[in-house]
Amino acid sequence: MIEINNITKSYKETMALSGINLHVNEGELFGLIGPDGAGKSTLIRILMTLLLPDSGEAKLDNLDVVENYKKIRKMVGYMPGRFSLYQDLSVEENLNFFATVFGTTVQENYDLIRDIFYQIEPFKSRRAGKLSGGMKQKLALSCALIHKPKILVLDEPTTGVDAVSRKEFWEMLKNLQQKGITILVSTPYMDEADLCDRVALIQNGQILDVDSPKQITEKFPRKIIQVGARNMYQLINDLRAYDKAEAVYAFGQYAHFTGLNDEVETNELDNYLQNLGHEKILVEEIPAGIEDVFMNLMEQ
Amino acid sequence: MKTILYLLQKEFRQIFRNKTILPMIFVVPIMQMLILVFAATYDMKRIDLVVVDHDMSENSRQLIAKFDGIPFFHVHHLEQSEKLAEDKLLNDEADAILVFPVNFERNLIRDDETKVQLLINAIESNSAQLIYAYSANIISDFNKDIIAEWKGIPEFTPPTKVEITENYWYNPELDYKWFMAPGILAILVTIIGMFMSGMNLVREKEIGTIEQLNVTPLKKYQFIIGKLIPFWIIGLFDLAFGLTIAWLVFDLPIVGSLFTLFFMAGIYLIGVLGLGLFISTLADTQQQVMFVSFFFMMIFVLMGGIFTPVESMPNWAQTIDRLNPIYYFMRVMRMVVLKGSNITDLLQELVSLSILGITFLSLAIWRYRKTA
């Protein structure tokens with residue numbers, strides 16, 4: 001459904017994308033995972049015909065993003081990273097406006113947005129600018145769907161949204177996927193990767209890996225040890241100072257430890273830390289997460 | 001067509017909800033007409049004249065009395081030396097000095113000829129010329145009186161002399177407000193055209209709504225027309241509003257047909273709106289639009305002939321003015337309002353404004369990119 005071949009794009013001296021190849025299947029929920037500045041938005045804007053690539057080609061449903069941009073604009077739904085609806089128009093007016101611009105009506109495609117829109121319907125005469133973050137996001141999604149697009153592209157839809165709304169939002173995306181829409185979503189949150197069918201890890205304008213989240217973590221070759229203690233700062237410093245340590249990262253309230261080889265055992269670390277006088281020590285081996293993979297790939 | 005109507009509906013909704021723009025649409029014409037027209041005047045309301053009379057004769061006193069008789073001449077008497085009088089000029093307490101030399105009356109009687117000296121503060125060259133013209137009139141009047149008195153024939157003028165009788169057409173009382181009001185209205189229409197449309201478009205860029213709008217099948221021309229028409233309507237509305245104020249407040253005669261006026265204004269507005277939109281397609285922020293538009297606005301207005309006649313500008317400036325839409329519209333406004341010119345008289349302006357309008361609008365549509 002989405003074919004990206006060797007796309008490059010640079011802004012003056014900065015290489016934003018260097019030779020991106022990607023393939024998204026029809027009906028897939030595909031995640032573009034990477035930190036800020038990785039090139040996610042640039043890639044999405046090229047796909048959305050808002051930016052011309054320096055070289056390479058991209059096709060959406062067999063339509064070239066440069067040559068057939070007019071046709072593409074009719075069949076994609078795009079939700080930019082920044083809230084891009086009219087803040088001084090009401091919820092209903094925004095929806096009607098975008099429906100008209102696409103030459104359709106709200107009634108015609110109401111089925112598609114019903115599940116999303118009914119939650120903000122009570123506020124339909126409220127100005128969009130006065131909505132909460134979560135509601136704005138639902139409105140933006142409704143507007144992006146109003147013309148029944150084949151492909152839905154969302155640029156960091158969950159950035160700056162609370163945890164509950166984020167969860168709800170992913171459920172909505174899953175539902176849309178059921179309705180046969182191909183979805184490409186970018187996010188800087190690694191934990192959201194597990195919710196996608198497949199993900200591409202992107203960093204510095206390059207794709208590091210593409211696979212299902214499960215595959216990506218399963219094929220991770222190293223043993224990860226999760227370590228917790230009361231004094232986190234001291235813990236990380238001590239772990240890093242350990243002579244068999246290769247990588248130590250802070251992951252929320254824990255540290256993830258990778259040894260120089262996978263021979264390092266949990267009780268070995270436990271002893272080491274106890275000798276240093278750490279309290280409330282917790283050491284356990286855990287399966288790798290996307291973030292571990294990412295950190296590891298970035299190191300290479 | 002339906003799309004354009006919907007775009008217009010959206011624009012008007014936004015304009016009517018905008019707490020700054022909506023009041024401005026009404027406040028700007030009122031303020032401009034009531035304040036600027038009165039303030040921007042060349043009429044001399046008061047001339048402070050210092051008289052240095054070294055002669056102290058009957059004739060010198062007669063001439064001084066004549067000056068004193070003119071309501072806007074305020075005669076300050078008799079500084080005994082030019083030095084003191086010049087100080088007054090320097091301190092801006094006086095606009096002009098009239099000096100009678102010692103033998104003013106004697107020379108007049110003996111030689112039939114005498115001299116007075118007039119020193120005028122020419123910082124503002126326009127007022128200086130006016131002061132000179134008024135004074136020359138008064139003195140020549142004085143001449144006639146003396147001739148009449150000596151020859152004993154009242155109001156006698158030699159038959160050989162050619163006399164000019166003035167009759168000011170189109171503005172018989174030389175009411176400066178009548179001259180200024182159409183000019184100020186032309187500027188008003190320009191402000192709306194250049195600033196409001198441009199700011200509006202670039203605002204969509206700043207807020208980011210254009211990003212969403214660009215990924216729609218909306219056509220370029222639909223978008224630009226959707227941005228143009230609301231301000232075209234507002235511009236014409238404000239012109240009507242301003243004209244009404246001018247008509248009510250200072251009896252501005254509208255000699256020509258209103259249809260001609262609004263027809264020409266409509267064409268003119270397309271040009272300035274196009275220019276404003278063109279500037280905003282090149283800019284990223286309202287600040288940039290503001291700055292660039294203001295730059296053009298200043299040049300256009302000052303070269304447009306609102307204060308100074310374009311005919312007295314150097315040739316190169318007049319050539320540049322061929323590209324200045326305000327120059328044409330300023331002429332149109334004054335010619336239609338004061339003189340009653342019709343479309344046939346304004347053919348050259350019509351053609352020029354049309355060409356400028358089409359050019360600016362095409363540039364705007366061409367430059368507006370849905371991709372970066």
Side-chain angles (χ1 to χ4, degrees), chain A residues 9 11 41-42 44-53 60 65-66 69-90 92-105 127-130 139-141 143-144 146-147 149 151-155, chain B residues 1-25 196 199-227 229-231 234 281 284-286 365 367-372:
Chain A
K9 175 77 188 175
Y11 299 107
S41 294
T42 305
I44 284 182
R45 297 192 74 225
I46 288 174
L47 293 177
M48 291 299 92
T49 73
L50 292 170
L51 211 58
L52 295 171
L60 279 78
V65 290
V66 180
Y69 71 95
K70 282 186 180 162
K71 284 184 184 159
I72 288 181
R73 283 173 184 175
K74 283 186 191 138
M75 56 144 241
V76 296
Y78 171 44
M79 189 172 147
R82 206 167 130 206
F83 182 69
S84 298
L85 301 179
Y86 293 99
Q87 314 244 9
D88 45 1
L89 294 185
S90 73
E92 204 178 16
E93 284 162 355
N94 266 300
L95 199 59
N96 277 322
F97 176 72
F98 283 98
T100 314
V101 164
F102 279 103
T104 179
T105 58
R127 305 267 166 92
K130 299 233 159 70
L139 175 60
L141 186 58
C143 287
I146 197 64
H147 58 295
I151 300 175
L152 179 64
V153 177
L154 309 106
D155 191 5
Chain B
M1 195 58 212
K2 196 176 147 233
T3 313
I4 292 183
L5 281 178
Y6 210 84
L7 278 173
L8 293 183
Q9 188 191 9
K10 175 216 137 206
E11 291 299 336
F12 273 115
R13 268 193 185 132
Q14 290 186 299
I15 292 165
F16 286 130
R17 281 176 197 175
N18 191 313
K19 290 195 176 64
T20 316
I21 290 182
L22 192 63
M24 284 302 270
I25 290 172
M196 286 178 65
M199 300 282 269
N200 184 291
L201 195 154
V202 90
R203 209 171 83 99
E204 297 233 13
K205 283 193 195 176
E206 271 187 350
I207 302 175
T209 46
I210 206 150
E211 178 99 349
Q212 189 88 61
L213 214 52
N214 281 345
V215 192
T216 65
L218 201 66
K219 304 251 179 343
K220 276 168 145 196
Y221 80 89
Q222 290 175 326
F223 182 76
I224 294 288
I225 287 177
K227 287 286 170 208
I229 293 182
F231 298 103
I234 292 172
T281 57
D284 292 318
T285 63
Q286 298 193 49
I365 294 178
R367 222 356 270 192
Y368 167 59
R369 295 283 152 85
K370 288 181 78 174
T371 45

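A note on names: the letters A, B, ... follow the listed sequences, proteins ahead of strands, and every chain is numbered from 1.
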Looking just at side-chain N and O atoms, do A:Y86 and A:E93 make a donor-acceptor pair shorter than 3.5 Å? no

Is B:E11 reaching over with its side chain to a backbone N or O of B:G226, donor-acceptor style, under 3.5 angstrom? no

Would the distance check show the side chain of A:Q87 and the main-chain N or O of A:R127 forming a donor-acceptor pair, the cut-off being under 3.5 Å? no

Structural part of A:K70 lying under 4.5 Å from a heavy atom of chain B: neither

As an exercise: rank A:S84, A:A140, A:P80 by heavy-atom pairs under 4.5 Å with chain B and give me the winner. A:S84

For A:L89, is there any backbone N or O sitting under 3.5 Å from a side-chain donor or acceptor partner on B:R13? no

Side chain, backbone, both or neither: which part of A:F98 has a heavy atom under 4.5 Å from chain B? side chain

Heavy-atom proximity to chain A below 4.5 Å, by part of B:Q222: neither

